[in-house]
Number of protein chains: 2
Amino acid sequence: MSGQERVQLPAGFRASGVTAGLKASGTPDLALVVNDGPDHHAGAVFTTNRVEAAPVTWSRQVVADGRVDAVVLNSGGANACTGTQGFLDTHRTAEHVAEVLGVSAGDVVVCSTGLIGELLPMDRIISGVDAAAAALSIEGHEAAAVAIKTTDTVHKVARHAGAGWSVSGMAKGAGMLAPALATMLVVLTTDAVVDQTDLDAALRAATDVSFDRIDSDACMSTNDTVAVLASGASGVAVDRGALTEALTAVCTDLARQLIADAEGAAHDIAIEVAGAASVDDALEVARAVARNNLFKCAIFGNDPNWGRVLAAVGTTRAAFDPAALDVTMNGVQVCRSGGVGEDRTLVDLTSREVHVRVDLHAGPESATVWTNDLTHDYVHENSAYST
Amino acid sequence: MSGQERVQLPAGFRASGVTAGLKASGTPDLALVVNDGPDHHAGAVFTTNRVEAAPVTWSRQVVADGRVDAVVLNSGGANACTGTQGFLDTHRTAEHVAEVLGVSAGDVVVCSTGLIGELLPMDRIISGVDAAAAALSIEGHEAAAVAIKTTDTVHKVARHAGAGWSVSGMAKGAGMLAPALATMLVVLTTDAVVDQTDLDAALRAATDVSFDRIDSDACMSTNDTVAVLASGASGVAVDRGALTEALTAVCTDLARQLIADAEGAAHDIAIEVAGAASVDDALEVARAVARNNLFKCAIFGNDPNWGRVLAAVGTTRAAFDPAALDVTMNGVQVCRSGGVGEDRTLVDLTSREVHVRVDLHAGPESATVWTNDLTHDYVHENSAYST
């Protein structure tokens, strides 16, 4: 399942994407996703950044009761660090969506992405909501996915089909819930008949092993949101296990797409840590490697500099003996027992996908974190973003 | 005090720097610093990386008894992740220095810097030690400082003069003890008559507010070492307070020189955090900003993107109210009370030195961490290091 093929909405949903005029590029920048029911179950997870954007503060309240009727998303402005006026603007956006759709503002999730520290042009948001409402369609999933793009080069969608029910998803950005490169926004929709508690638990389980295990540049956004909406329109009851499996499949697919489209990246790097005493240890080590700028530069240069992997592993509190560490890069064991292994010149790093395996020899657990290399294009894109 | 002027050794010391043939460039790569006494007091601090190089493991033992007669340093190879053979090589280096100088190997500190994961060419080390011993001179401080350079574009020395006594220092690298960009090696020498316990305490106090407060790229080295040697040759007794002041002055000067010469950097950035409930809070916030790649790219682009500062602050556990945060960049308060402040276009970031001030409005404490921007040259230098 990839962004190349069209992904339709599950039964019970309509969506749209329009050009509200928020982005200087003149490309689509406002999306609407509406759940027509019969169920309106929902759940969401948000950034853990304490400096959170107004739409995050608003949407936390909206999802608290487990009901969501619509999600409105805009690119072209994050509405973060915008004070009281920013929150009033989010509130007004939700009120207007509610009015146009005939629902309650308290059931409208708002997501924004773009530059921090600037107020949104509310006249354009309001007219954009009107246009988006008029454009709502059961065919609208792709258009909505396109409208939430910022620096994304492609829109990201994914789908998992069950027997008579399905889950669809759209995503923008590249990173993870905490941290994240730019803002990650995800809307998941399903027509399964589910218990709201199961939906929330399944979402948390799915994001824990997907979006929480990608780490493009260790920077945590103020706006990250992953929302799931369930319409029940398929009439097929689905239990927590099957739902978790489906959401995990869609989230993993979208997470992989985010890494593949990360700003300026030239390599997608899987850091697999095996032989860990615990999954937490494996994740701590994998993240330490994933966030090491020297390692990330080396991969950009197709340089199998395994010493930088060990130096990163050494900064963690995970259980291991430095003299027992093994590192394998694209199948070549360049480091054995903490020292020199096979000839590093045997490693071919020219492919987009790179696999680094660290064996801690300290237990039975493992985990994989995906990251990107650090490139000239990353520096270029991020040194010229707001100017 | 800067690297431009010549810094001499305090009384009681000799030093040298020679070309042992370790570096392909053919530039000096082996240095020796000898304490001729009458005192041989010493102290040292090392990287906290659990994957530590053989010379660090060795030197920890050497300084444990508070006596050091000589320090031998090589560039052109870190001797890290080199297993048992690497440790034997460090031991053999110390033994040879001891033999040539007529001291005990257990009083010889060894420091190495360069690529991780390769064994040192011991024949060249041994003949280099012979040459360095033959070249020892009371005029040798500058030559030794030059021989420990790796990617440094200039050698770094500093001096603080007391009444009848002094402290001199040499440094290579750019970063901090934990973490560090490449390896940081520092040798401090003083002819003051000091108590060994005072010397150790003064060193820890000095590095705590100097090398521990620079953070070029958040990467911790396997080899970082800061050693101090006291000869007592001035005959002037100095108490802990005056010694701490002198060591702090020299370490702060050297730390600032390291940041100014960090790999590929275009800006030196002081992150001052004020209004903190504790110094630890101030440091946590300052480090979070200093390590944020998006912020560092923005400064490279002369872009006063204060939203990235707030997003970094929001990842910390420090005490603050997001709605009370102020951010000033080069004198312009671009963020006031967590929202938009003065016009960001008023900020001029074209100077090498940039000052970012974050006021947490949560207490009376403050701290400053120095870092660098993230540039094309950083990516270039670090993507082509070992190949």
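A, B, ... follow the sequence lines: proteins, then strands. Residue 1 opens every chain.
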Measuring heavy-atom distances to chain B, does [X] have an atom under 4.5 Å in its side chain, in its backbone, in both, or in neither?
| X | value |
| --- | --- |
| Ala311(A) | both |
| Leu325(A) | side chain |
| Phe295(A) | neither |
| Thr345(A) | neither |

Verify whether one side chain among [X] and [Y] offers a donor that lies under 3.5 Å from an acceptor in the other.
| X | Y | answer |
| --- | --- | --- |
| Thr57(A) | Glu52(A) | yes |
| Asp268(B) | Asn372(B) | yes |
| Ser112(B) | Asn74(B) | yes |
| Thr90(B) | Asn79(B) | yes |

Contact check, side chains of [X] and [Y], non-hydrogen atoms, under 4.5 Å:
| X | Y | result |
| --- | --- | --- |
| Asp224(B) | Leu185(B) | no |
| Val356(A) | Thr328(A) | no |
| Trp370(B) | Ile269(B) | no |

Would you mind checking which part of Thr316(B) comes under 4.5 Å of any heavy atom in chain A, side chain (CB onward), backbone (N, CA, C, O), both or neither? both

Measuring heavy-atom distances to chain A, does Thr222(B) have an atom under 4.5 Å in its side chain, in its backbone, in both, or in neither? side chain

State plainly whether the residues Asp326(B) and Arg336(B) are in salt-bridge range, i.e. N to O under 4.0 Å. no

Note: vs chain A, highest number of non-hydrogen pairs under 4.5 angstrom among Pro322(B), Gly314(B), Gly341(B) is Gly314(B)

Out of [options], which one racks up the most heavy-atom pairs below 4.5 Å with chain B?
| options | value |
| --- | --- |
| Gly339(A), Ser337(A), Gly338(A) | Gly338(A) |
| Ala53(A), Gly307(A), Ala80(A), Cys81(A) | Cys81(A) |
| Gly117(A), Gly83(A), Ala78(A) | Gly117(A) |
| Asn293(A), Leu119(A), Val340(A) | Asn293(A) |
| Asn292(A), Thr82(A), Thr84(A) | Asn292(A) |
| Val334(A), Thr315(A), Ile299(A) | Thr315(A) |

According to salt bridge (Lys or Arg N to Asp or Glu O under 4.0 Å), who are the partners of Arg357(A), at least two apart in sequence or on a separate chain? Glu272(A), Asp359(A)

